[in-house]
Engineer: 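Here it is, the structure in full.
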Amino acid sequence: QVQLVESGGGLVQAGGSLRLSCAASGLTFSACTMAWFRQAPGKERELVAAIRWSGSSTYYADSVKGRFTISRDNSRNTVSLQMNSLNVEDTAVYYCAGSEYFRGSYPLGPYKYWGQGTQVTVSS
């Protein structure tokens, strides 16, 4: 019954912005540590950002720090990733991930639940 569904991906020019959203259902969202991963063409999947269940702390990969912002709305069971100043290297499939009562190694994981991914393509 657990589902994580991403939306908001698309094509954007370098320097532009996109906002990704992940809608969660079938779990106790308020108890979930959530994260965004991405996998670029020819590269391995990498952690982009994470947010604690309480929203009290966040993590960002060095490559996106200062440009991306992760947030959550527990009333709507959603987690978002605001992406600004996008560059070609940000092109990837972006995945939403989460775990209830996270017991892994924060923020790397492992994460129990995963979305299907949404494509982000940044053109120059």
Side-chain angles (χ1 to χ4, degrees):
Q1 189 176 7
V2 173
Q3 279 193 314
L4 301 178
V5 181
E6 302 98 332
S7 62
L11 176 65
V12 65
Q13 291 186 335
S17 299
L18 283 175
R19 185 176 178 87
L20 306 182
S21 295
C22 173
S25 61
L27 45 67
T28 306
F29 184 77
S30 61
C32 287
T33 294
M34 304 297 297
W36 287 95
F37 288 76
R38 69 184 182 187
Q39 187 165 22
K43 296 185 178 181
E44 297 181 351
R45 184 174 296 178
E46 64 174 340
L47 175 64
V48 176
I51 186 166
R52 295 277 198 180
W53 64 268
S54 64
S56 60
S57 65
T58 56
Y59 163 86
Y60 298 97
D62 288 342
S63 60
V64 307
K65 197 172 298 181
R67 300 188 297 121
F68 291 11
T69 302
I70 188 171
S71 61
R72 67 190 300 156
D73 185 346
N74 287 354
S75 68
R76 298 182 179 182
N77 287 5
T78 60
V79 61
S80 299
L81 186 69
Q82 178 66 45
M83 305 184 294
N84 298 326
S85 301
L86 287 163
N87 55 58
V88 174
E89 289 71 36
D90 295 317
T91 295
V93 177
Y94 284 72
Y95 298 90
C96 177
S99 288
E100 292 177 279
Y101 310 104
F102 187 71
R103 305 296 290 178
S105 179
Y106 182 85
L108 294 177
Y111 291 85
K112 186 174 183 179
Y113 305 110
W114 292 80
Q116 77 286 351
T118 185
Q119 177 71 48
V120 172
T121 303
V122 184
S123 64
S124 60

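In this text, all values refer to a predicted model and were calculated from it rather than measured experimentally. No hydrogens, no waters, no symmetry mates; every other heavy atom, side chains included, goes into these values.
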Engineer: I need the L20 CG to T78 OG1 distance, nearest 0.5 Å.
Structural biologist: 12.5 Å
Engineer: Is the number of heavy atoms from other residues, nucleotides or ligands under 6.0 Å of R19 CZ greater than 12?
Structural biologist: yes
Engineer: If you compare all heavy atoms of R72 against all heavy atoms of T33, which two are closest, and at what distance to 0.1 Å?
Structural biologist: NH1-CA, 4.5 Å
Engineer: Report yes or no: does R103 contribute a side-chain atom to a donor-acceptor pair with the main-chain N or O of S99 at less than 3.5 Å?
Structural biologist: no
Engineer: What are the two closest non-hydrogen atoms of G98 and M34, and how far apart are they?
Structural biologist: CA-SD, 3.7 Å
Engineer: Same cluster for V64 and V120 if Ile/Leu/Val/Met/Phe/Trp/Tyr side chains link at under 4.5 Å?
Structural biologist: yes
Engineer: Run the numbers on R38 and S63 for side-chain contact (heavy atoms from CB on, under 4.5 Å), then give the verdict.
Structural biologist: CA-CA 12 Å; R38 69 184 182 187; S63 60; 3.4 Å; yes
Engineer: Between S21 and S80, is there a donor-acceptor pair closer than 3.5 Å when you use the side chain of the first and the backbone of the second?
Structural biologist: no
Engineer: Compute whether any side-chain donor of one residue and acceptor of the other, for Q119 and T121, lie under 3.5 angstrom apart.
Structural biologist: yes
Engineer: If you compare all heavy atoms of Y60 against all heavy atoms of I70, which two are closest, and at what distance to 0.1 Å?
Structural biologist: OH-N, 2.8 Å
Engineer: For residues N84 and S17, report the shortest heavy-atom separation together with the two atoms involved.
Structural biologist: OD1-OG, 2.9 Å
Engineer: What pair of heavy atoms forms the shortest contact from L47 to A49, and how long is it?
Structural biologist: CD1-O, 3.6 Å
Engineer: For Q116, is the CD atom crowded, meaning more than 12 foreign heavy atoms sit under 6.0 Å from it?
Structural biologist: yes
